[in-house]
Amino acid sequence: MAFIVKTMVGGQLKNLTGGLGGKEDKGEGEKSPAEAQGMTREEYEEYQKQLLEEKMERDALYTQRKAERATLRGHFRDKYRLPKSDMDEAQIQLAGGDVELPKELAKMIEEDNEEEEGKSSVIGQLSSIQNLDLDSIKEKAQSTLDDLKQSAEKCIVM
């Protein structure tokens with residue numbers, strides 16, 4: 001509130017007095033950025049340098065994460081035979097081209113691949129059928145195999 005009053009009345013008072021005593025009434029807008037922060041010029045330059053370094057680190061980390069996500073999307077596009085995205089490829093190239101997935105995501109993808117491999121096999125398909133006793137089918141198949149081996153051993157021709 002005091003700032004608003006000072007700006008409204010201050011400008012009119014300067015016009016009225018003709019700007020006498022300009023050195024005594026130094027406004028906050030005339031201070032250098034270092035003085036406004038309460039620092040010396042060297043401290044302020046060091047502070048600005050640190051801010052710039054932190055921003056560059058954040059930007060690099062952000063770019064890396066975007067590239068990791070693009071790699072993951074690319075993996076799913078390959079998996080489900082979807083068209084590739086130029087934007088994802090550009091993100092990967094921007095991050096340096098060689099982007100690895102985080103360990104957690106790589107582990108999740110491996111688990112998904114193992115599940116799908118299990119489902120794609122004949123036994124995996126049979127296990128999805130309800131009211132099917134897989135153990136008894138396995139036992140019958142194993143006993144048939146054993147019988148065939150025994151009969152092959154007894155065979156004189158072989």
Side-chain donor-acceptor distances from residues 83-96 under 3.5 Å, at least two apart:
{"from": "Ser85", "atom 1": "OG", "to": "Met87", "atom 2": "N", "distance (Å)": "3.3"}
{"from": "Asp88", "atom 1": "OD1", "to": "Arg73", "atom 2": "NE", "distance (Å)": "3.1"}
{"from": "Asp88", "atom 1": "OD1", "to": "Arg73", "atom 2": "NH2", "distance (Å)": "2.7"}
{"from": "Asp88", "atom 1": "OD2", "to": "Arg73", "atom 2": "NE", "distance (Å)": "3.3"}
{"from": "Asp88", "atom 1": "OD2", "to": "Arg77", "atom 2": "NH1", "distance (Å)": "2.4"}

Atom pairs and distances, side-chain donor-acceptor, residues 57-71, under 3.5 Å, sequence neighbours left out:
{"from": "Asp59", "atom 1": "OD2", "to": "Lys55", "atom 2": "NZ", "distance (Å)": "3.1"}
{"from": "Thr63", "atom 1": "OG1", "to": "Asp59", "atom 2": "O", "distance (Å)": "2.8"}
{"from": "Thr71", "atom 1": "OG1", "to": "Ala67", "atom 2": "O", "distance (Å)": "2.8"}

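Lys107 meets the side chain to side chain donor-acceptor pair (under 3.5 Å) test with no other residue; sequence neighbours excluded. Here Leu51 pairs with Tyr47, Gln48, Glu54 under the side chain to side chain contact (heavy atoms under 4.5 Å, CB included) rule; sequence neighbours left out. Every residue two or more places apart in sequence or in another chain that forms a side chain to side chain contact (heavy atoms under 4.5 Å, CB included) with Glu45 is listed here: Arg41.
In this structure, Met56 belongs to a hydrophobic cluster whose other members, linked by side-chain heavy atoms under 4.5 Å apart, are Leu52.
The minimum heavy-atom distance linking Glu43 with Thr40 is given by the pair OE1-N, 3.1 Å.
Here CD of Gln142 is found 10.5 Å from CG of Asp147. Values are rounded to the nearest 0.5 Å.
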Item to complete: Take Asp112 and Lys79, measure what side chain to side chain contact (heavy atoms under 4.5 Å, CB included) needs, and give me the verdict at the end.
Response: CA-CA 11 Å; Asp112 287 346; Lys79 181 177 178 180; 3.8 Å; yes
